[in-house]
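Below: one structure, written as structure tokens.
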Amino acid sequence: MSNLVDALRERRTLSDKGLRELLESDDEGLVEVLHRNAREVAVEQFGKVIWLRALIEWSNVCRNDCLYCGIRRSNPNIVRYSLTKDEILQACDRAWRLGLRTFVLQGGENPPAAEKLAPVVAEMRASWPEAAITLSLGELPYDTYALLRRSGANRYLLRHETANPAHYGRLHPAGMKFENRLACLHSIRKMGYKTGTGMMVGSPFQTMDDLIADIRFLESFRPDMIGLGPFLPHHDTPFRDFPAGSADLTLRIYSILRLMLPQAWIPATTALATLRPDGRTAGILAGANVVMPNFTPVARRGSYALYDGKSRPGAEAAETLQQLKSELDTIGYHV
Ligand code: SAM
């Protein structure tokens, strides 16, 4: 069976049958071989170095009603907020002084407000010319993507969520279409943004065939970054009673993708660290190479609750950067 891992590492692809075996096997030895090969490939590409990205959760105001998400429009039980320009710049400043060189502005989907972010992005660009500015603001009009790009943003994260349009329809309200998401991803890339996409593992109604289709989608789209974490339920959403996705399956998919796309930036996501306390190091040992500490002002963090347990200290807090460094140290990595 470990021939499957050799084949994947050598050819950077595998049949659907092979992928299914890697995803479903209960042979722990095989899973360890998969993770070991993935981390060897990550170390070949990047060394034993983990890249930090400063996550700034800019706003939880969202026009969408995604059935899984705690900041969906129809959740009346959260306090809505948008950070001011000064709050954003202060968060960047703090991150920069701590040595981080990528700022990630993430928020609910709100096209008019996203457009108003352009001068803030321009100021970030002027203040930190060498920084990477990543945006994750959902589906926006073409002109808004272009305006933000001209203002200085150079990376964009938009998860495809699932590559099966019928499954997409069960996770989102009528009106949100997989084709639109795909069109946005292609526009973003065409504009010269480094592009990231990905999916939740274990989202409601997801089948193994869906996950294999997701892996194939990523294999052919070849994103620069892959955002991928387990689904976690939020108590104020229609999916409150669905079980969380599996950490083990998430880790296998990190490894498979590392072997398929050796150069991709793959964060060990907050959702994984929420599901399991050692999620960050486990992710790295499975081939991830990025961690995104949270630089959102502490008072706002509880309001950016995409799923239950998200703002647990340790899972994401930038305050624990030192703790993160020592965690990485124990597995022989550094930032
Ligand atoms: N509005 C932007 C967008 O749609 O891309 C960015 C913010 S959105 C909240 C960021 C990501 O959070 C989504 O792409 C989704 O995969 C993830 N997410 C939302 N709810 C989640 C949940 N319950 N469990 C795990 N991940 C979730």
Side-chain angles (χ1 to χ4, degrees), residues 53 55-75 78 80 82 104-111 113-114 117 134-140 144-145 148 153 155-163 167-168 171-173 175-178 180-182 184-185 188 193 195-206 214 218 223 225-247 249-250 253 267-276 279 292 294 296 301 303-312 315-316:
R53 315 292 193 215
L55 177 64
I56 303 166
E57 294 156 338
W58 153 69
S59 171
N60 65 359
V61 179
C62 191
R63 69 172 174 179
N64 279 340
D65 226 9
C66 307
L67 278 76
Y68 44 84
C69 185
I71 64 167
R72 66 201 301 266
R73 184 184 67 220
S74 61
N75 179 5
I78 51 169
R80 300 284 167 175
S82 298
V104 183
L105 278 188
Q106 194 190 81
E109 190 171 292
N110 184 353
L117 263 186
T134 305
L135 301 178
S136 176
L137 309 173
E139 295 177 22
L140 301 175
T144 311
Y145 286 136
L148 292 163
R155 301 180 184 172
Y156 205 100
L157 297 174
L158 181 67
R159 289 186 179 183
H160 69 281
E161 310 295 2
T162 168
H167 183 219
Y168 193 93
L171 301 181
H172 300 100
M176 281 183 75
K177 297 265 176 282
F178 179 67
N180 293 346
R181 189 142 290 232
L182 212 52
C184 286
L185 278 168
I188 291 163
Y193 284 101
T195 306
T197 192
M199 69 280 188
M200 288 176 291
V201 176
S203 58
F205 318 115
Q206 185 180 63
D214 285 324
L218 293 168
M225 308 164 270
I226 299 173
L228 188 149
F231 159 76
L232 296 169
H234 183 288
H235 62 279
D236 277 326
T237 64
F239 289 165
R240 66 180 67 83
D241 295 326
F242 281 87
S246 146
L249 195 53
T250 305
I253 298 174
T269 50
T270 307
L272 180 61
T274 303
L275 191 59
R276 92 180 233 187
M292 295 172 62
N294 195 335
T296 309
R301 268 184 221 169
S303 302
Y304 200 82
L306 307 181
Y307 41 78
D308 292 336
K310 178 173 167 295
S311 50
R312 181 171 57 75
E316 58 167 5

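Numbering starts at 1 and runs along the sequence shown. Counting convention: from 1, in listed order, for ligands and their atoms alike.
Between Tyr68 and Tyr307, the distance from one ring center to the other does not fall under 6.0 angstrom. Checked against a 6.0 Å centroid threshold, the rings of Tyr145 and Tyr156 count as neighbours.
For the salt bridge (Lys or Arg N to Asp or Glu O under 4.0 Å) test, residues two or more places apart in sequence or in another chain that qualify with Arg72 are Asp65. Residues satisfying the ring pair (Phe, Tyr, Trp, His ring centres under 6.0 Å) criterion with Tyr304, sequence neighbours excluded, are absent altogether. Residues forming a salt bridge (Lys or Arg N to Asp or Glu O under 4.0 Å) with Arg80 (at least two apart in sequence, or on another chain): none.
Under 4.0 Å is where a charged nitrogen must lie from a carboxylate oxygen, and between Arg301 and Glu57 no such pair does.
Taking a heavy-atom cut-off of under 4.0 Å, ligand 1 is surrounded by Tyr68, Cys69, Gln106, Gly107, Gly108, Glu109, Ser136, Leu137, Gly138, Leu158, Arg159, Glu161, Met200, Pro230, Phe231, Leu232, Tyr304, Leu306, Tyr307.
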